[in-house]
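Here is the structure we will look at, set down as structure tokens.
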Amino acid sequence: MLSCRDLAEKASDHIEKKLSFREALSYRLHLFLCGYCRKFVRHLKTTIEFGQRLPEPEPLSDEEAEKIAAQTFEKSDQE
Amino acid sequence: MLHKAQDEEDIDALRRGDRAAFTRLVQRYHRPMLVIARAIVGDVWAEEVLQEAWVSINRALPRFEGRSSLQTWLYTIVRNEARTRLSKESRYVSLESTIGSHEDTIESLNMQFKKDGHWQNSPANWHTDSPLQLLEQTQLRQCIDRTLSTLSADQCAVFTMRDLQQMDLQEICNILELSSSNVRVLLHRARLSLMQVIDRYQETGTC
């Protein structure tokens, strides 16, 4: 039987469907019986969805991108 | 795969060496590529590695056959440039060997359990479980930005590739040359760090 600590460590693997059949079964059984772990997993899933919806870092400005492209073309021409 | 449509639109122009298309490519990918370079070579050489990578990319684009996505192809070139740089500097340290060095998050998770592995206390109640509502909290977003900037470079790279860019786990393993289990450990730790911030924010209203 998994402990709560084991479950907390395996939670991302379960969400990513990377547990073996036996591990997944044991995980789900524990979750069925343990309200604290259900709450933990609910919070983790919220966190993952939150992370997936975060905007990517600001793209480079036109000027920054143009500068890097110019340097690249200049270097490529030299070689 | 967030930029797939734009990549497909630009690919012919990129193969022809079109400078405007190349500039757009730089604009889309420079920052995520920097995250990958940092994970492999660290802050000091990351920018330099990226400059070299862009030159290699520009040179190789006419031969890009599209067997992988453009994104994966770009990230693989960055990885190769980063490794070349490390071997030049004779300081190649595989990411695999650094995995165990970021234990803070796991430590702090472990403290929440009794010796027998059960929770000491119930995880805190959250006022909201809605990611959309959480995203609207400006202060929380600032806390998260700060936390992302303090993640180890390898955690940040895996988090960026998996959760922000929703890349396939196996692709991430291939690019970073990490085992699947290590990528998953890094990902889980990054997610736990974010979860702790949300937890604290829900409880105290601050970072």
Side-chain angles (χ1 to χ4, degrees), chain A residues 1-20 23 30-31 33-79, chain B residues 2 17 19-20 22-28 30-32 35 50-52 54-55 57-59 106 109-110 112-114 116-119 121-126 128-132 134-135 141 144 148 159-160 162-166 169 180-181 184-185 187-188 190-192 194-195 198-199:
Chain A
M1 175 81 177
L2 285 182
S3 69
C4 300
R5 184 194 281 124
D6 297 333
L7 185 133
E9 280 169 12
K10 289 177 190 291
S12 274
D13 280 356
H14 186 257
I15 292 164
E16 299 283 349
K17 299 187 171 48
K18 294 292 178 188
L19 295 183
S20 67
E23 285 175 319
H30 181 109
L31 211 55
L33 298 170
C34 179
Y36 286 2
C37 282
R38 282 200 297 278
K39 195 191 282 183
F40 172 83
V41 169
R42 197 169 62 239
H43 290 175
L44 181 65
K45 284 183 173 169
T46 300
T47 304
I48 293 170
E49 212 179 312
F50 172 86
Q52 288 170 341
R53 287 165 188 261
L54 281 174
E56 279 204 72
E58 284 282 295
L60 292 186
S61 66
D62 291 347
E63 292 75 25
E64 287 171 311
E66 180 49 50
K67 192 175 157 196
I68 292 167
Q71 283 169 349
T72 304
F73 276 75
E74 197 180 312
K75 260 193 152 178
S76 303
D77 289 345
Q78 284 168 7
E79 287 171 7
Chain B
L2 297 180
R19 185 154 160 175
F22 189 82
T23 305
R24 289 195 292 276
L25 189 72
V26 170
Q27 203 157 25
R28 290 197 292 281
H30 191 79
R31 289 206 201 282
V35 170
L50 222 51
Q51 276 179 18
E52 287 157 11
W54 281 121
V55 174
I57 287 163
N58 190 32
R59 203 181 303 140
I106 292 296
L109 179 69
N110 275 339
Q112 298 179 49
F113 298 101
K114 294 189 240 171
D116 63 3
H118 288 98
W119 294 95
N121 299 300
S122 164
N125 286 319
W126 286 10
T128 174
D129 277 338
S130 153
L132 288 177
L134 289 171
L135 278 164
R141 288 277 300 277
I144 292 288
L148 288 176
F159 175 79
T160 301
R162 179 61 184 157
D163 280 357
L164 288 186
Q165 302 189 325
Q166 287 155 47
L169 272 178
S180 168
S181 61
R184 289 181 345 245
V185 166
L187 183 62
H188 191 51
R191 287 169 172 174
L192 289 179
L194 260 59
M195 189 168 125
I198 299 175
D199 214 40

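Source: prediction; values computed, not measured. Note on naming: letters A, B, ... go to the chains in the order of the sequence lines (proteins, then strands), and numbering restarts at 1 for each one.
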*Side-chain contact test, heavy atoms from C-beta onward, threshold under 4.5 Å: evaluate it for B/Arg59 versus A/Ser76 and give yes or no.*
no

*B/Gln51 side chain near A/Ile68 side chain, heavy-atom distance below 4.5 Å*: no

Checking [X] side chain against [Y] main chain: does a donor-acceptor pair fall under 3.5 Å?
| X | Y | result |
| --- | --- | --- |
| B/Gln27 | A/Pro59 | no |
| A/Thr46 | B/Asp129 | yes |
| B/His188 | A/Ala8 | yes |

Using non-hydrogen atoms and a 4.5 Å limit, figure out which bit of [X] sits close to chain A: side chain, backbone, both or neither.
| X | value |
| --- | --- |
| B/Leu50 | neither |
| B/Leu25 | neither |
| B/Arg24 | neither |
| B/Ala124 | backbone |
| B/Arg28 | neither |

Answer yes when [X] and [Y] have at least one side-chain N-carboxylate O distance shorter than 4.0 Å, and no when they do not.
| X | Y | result |
| --- | --- | --- |
| B/Arg184 | A/Glu9 | no |
| B/Glu52 | A/Lys75 | no |
| B/Arg191 | A/Glu16 | yes |

_Atom OH of A/Tyr36: over 12 foreign heavy atoms under 6.0 Å_ = no

What part of [X] gets within 4.5 angstrom of chain B, counting heavy atoms only: side chain, backbone, both, or neither?
| X | value |
| --- | --- |
| A/Arg53 | both |
| A/Asp62 | both |
| A/Lys18 | both |

Heavy atoms only, distances under 4.5 angstrom: which of [options] has the most pairs with chain A? Name it, please.
| options | value |
| --- | --- |
| B/Val35, B/Asn125, B/Asp116 | B/Asn125 |
| B/Ile57, B/Thr160, B/Leu169, B/Leu187 | B/Leu169 |
| B/Phe113, B/Phe22, B/Phe159 | B/Phe113 |

_Pick from A/Ser3, A/Cys34, A/Cys4 with the largest number of heavy-atom pairs that fall under 4.5 Å of chain B_ = A/Cys4

*Residue selection (most heavy-atom pairs with chain B, distance under 4.5 Å) from A/Lys45, A/Lys67, A/Glu64, A/Glu66*: A/Glu66

*Let me see the working for A/Leu54 and B/Arg141 under side-chain contact (heavy atoms from CB on, under 4.5 Å), right down to the final yes or no.*
CA-CA 9 Å; A/Leu54 281 174; B/Arg141 288 277 300 277; 3.9 Å; yes

*Worked check of side-chain contact (heavy atoms from CB on, under 4.5 Å) between A/His43 and B/Asp199*: CA-CA 8 Å; A/His43 290 175; B/Asp199 214 40; 4.3 Å; yes

*Classify the ring geometry between B/Trp119 and A/Phe40 as parallel (under 30°), tilted (30 to 60°) or perpendicular (over 60°).*
tilted

*Roughly how far apart are A/Arg42 CZ and B/Trp126 CH2, rounded to 0.5 Å?*
9.5 Å

_Rounded distance (nearest 0.5 Å) linking atom CG of B/Leu194 with atom OG1 of A/Thr47_ = 7.0 Å

_Using the rule given for side-chain contact (heavy atoms from CB on, under 4.5 Å), can you reason through A/Gln52 versus B/Gln165, listing the C-alpha separation, both sets of side-chain angles and the distance that settles it, and then say yes or no?_
CA-CA 8 Å; A/Gln52 288 170 341; B/Gln165 302 189 325; over 6 Å; no

_Could you go through A/Glu49 and B/Leu132, starting from their C-alpha distance and side-chain angles, then the distance that decides it, and tell me whether this counts as side-chain contact (heavy atoms from CB on, under 4.5 Å)?_
CA-CA 9 Å; A/Glu49 212 179 312; B/Leu132 288 177; over 6 Å; no

